[in-house]
Amino acid sequence: MKELEEIFLKAKKDLEETKIFQDLSTFYVNYLGKTGKVTELMKKVKDLPNEEKRTFGQTVNKIKQDLQSLMEEREKEFAKQKILNKINKTKDLDLTVPSSCPHGSLHPISIIQNEVIDIFLSMGFTVEDGNEIETEYNNFEAVNVPKNHPARDMQDTFYLDNGQVLKTHTSAAQNRIMRKYGAPLKAIFPGRCFRNEELDASHENTFFQIEGMMIDKDVSVANLIYFMKEMLTHVFKKEINVRLRPGFFPFVEPGFELDISCPYCDGKGCRVCKHGGWIELCPCGMIHPNVLRMGGIDPDKCQGFAFGLGFSRLAMMTYDITEIRLLNSGNIKALSQAGIK
Ligand code: DAH
């Protein structure tokens, strides 16, 4: 037992005297390894007379455990010291300097989309999804654009080998949504659209729209104006006036072009509104009876309005982006500006 105590005290002293991490392996080999002093003592237990076996065995075990945890503690001290040494070596380390790690930001399209979704959700609309690859029927026939109709020319697109098309507008989801929910219905459906366009600063082959529909008994143009004004006031964070001009779209009757009072000069005239005070923003109208009928809704019982807001343009206006192609460019320098604003 005396020898035990001596070994323990010596081991503790050796441990305290270790100076570097590597000294710990020597310590381990000397005391706790296969031929270490403590291990040797444990081997002796079996040769002791029975009455001594128990106390001796227990003591050696205790010593072994104590030395192990003391060694772990020492290990932690060395690890801590290593970090401190590193910090001390870095003379100019200033923890108060702001991080140079760049922050991510949302794409301008996502920012506008989220804002429009938020406001329509708060007014009781549901948010639906549309397909990017659509049947020709949904994209054209179901919204009152039959085969060979001249309106198809305005929306030439990419035709797939199986006869389907890359959808040219979010209106392509109208029929599916009417069939799914019937009337009454209040839904918006954002989506990516594609057209075979000549590319320039304001025309892209891939762009974004949000379609909206409200169908119920007694829905009128007054409802359309109300919801559009609410949405635009929320997006521009100021009261926006709207006006409707007649516009032709095969899926609405009457159809309109909705203009907004220029949010930048409040209608006084500036570069953005080309000094006219108004900006053409969103085509809309009262859903054509044919479209309702094809969606399984009786036009004698219900009416509805629809709009197709091109929010690539809205994002450009809001963030003063003059080149539409930047939106799909992955140019982080340009696109992160919106998030910072
Ligand atoms: N789908 C049309 C387009 O992309 C936009 C549009 C016009 C949608 C009038 C509508 C609407 O819902 O009522 O050119």
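We count ligands from 1, going down the list as the structure has it; atoms in each ligand are counted the same way.
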- Taking side chain as C-beta onward, heavy atoms only, is L15 less than 4.5 Å from D23? no
- Query: Can a salt bridge be assigned to the pair E115 and K237 using a cut-off of 4.0 Å between side-chain N and carboxylate O?
  - Reply: yes
- Query: So, does M154 sit close enough to ligand 1 that a heavy atom of it is under 4.0 Å from the ligand?
  - Reply: no
- Message: Could you tell me, atom by atom, which parts of ligand 1 come under 4.0 Å of a heavy atom of G285?
- Response: 13 (O)
- Quick one: which residue pairs count as a salt bridge (Lys or Arg N to Asp or Glu O under 4.0 Å) with a foot in residues 204-218, not counting sequence neighbours? none
- Item | Whether G255 lies under 4.0 Å from ligand 1, heavy atom | no
- Task: Using the six-membered ring wherever Trp is involved, compare the ring planes of F248 and H149 and label them parallel, tilted or perpendicular (cut-offs 30° and 60°).
- Result: parallel
- Going by the atom numbers of ligand 1, which of them fall below 4.0 Å from some non-hydrogen atom of V252? 13 (O)
- Item | Ligand-residue contact atoms, ligand 1 with Q209, heavy atoms, under 4.0 Å | 3 (C), 4 (O)
- Message: For the aromatic rings, using the six-membered ring if either is Trp, is the centroid distance between F249 and H169 under 6.0 Å?
- Response: no
- What part of R195 sits under 4.0 Å from ligand 1 if we count only heavy atoms: the side chain, the backbone, both or neither? side chain
- Query: Does at least one non-hydrogen atom of Q155 fall below 4.0 angstrom from an atom of ligand 1?
  - Reply: yes
- Query: What is the nearest protein non-hydrogen atom to atom 5 (C) of ligand 1, stated with its residue, atom name and distance?
  - Reply: P283 CG, 3.7 Å
- Query: Checking R74 against F78: charged group under 6.0 Å from the ring centre and within 45 degrees of the axis?
  - Reply: yes
- So, does H288 sit close enough to ligand 1 that a heavy atom of it is under 4.0 Å from the ligand? no
- Query: Do NZ/NE/NH1/NH2 and the carboxylate oxygens of E136 and R152 come within less than 4.0 Å?
  - Reply: yes
- Item | Min N/O separation G212 to ligand 1 under 3.5 Å | no
- Write out the residue and atom name of the closest protein heavy atom to atom 12 (O) of ligand 1, then the distance separating them to 0.1 Å. E211 OE2, 2.7 Å
- Query: Quick check: does S171 get an N/O under 3.5 Å from an N/O on ligand 1?
  - Reply: yes
- For Q174, the atoms of ligand 1 under 4.0 Å from one of its heavy atoms are 12 (O)
- Message: Within ligand 1, which atoms have a heavy atom of C284 less than 4.0 Å away?
- Response: 9 (C), 11 (C), 13 (O)
- Item | Shortest protein heavy-atom distance from atom 2 (C) of ligand 1, along with the residue and atom involved | F251 CZ, 3.6 Å
- Task: For residues F120 and F307, establish whether the separation of their ring centroids is below 6.0 Å.
- Result: yes
- side chain to side chain donor-acceptor pair (under 3.5 Å) partners of E73, counting only residues at least two apart: none
- Message: Closer than 4.0 angstrom, basic N to acidic O: yes or no for E17 and K13?
- Response: yes
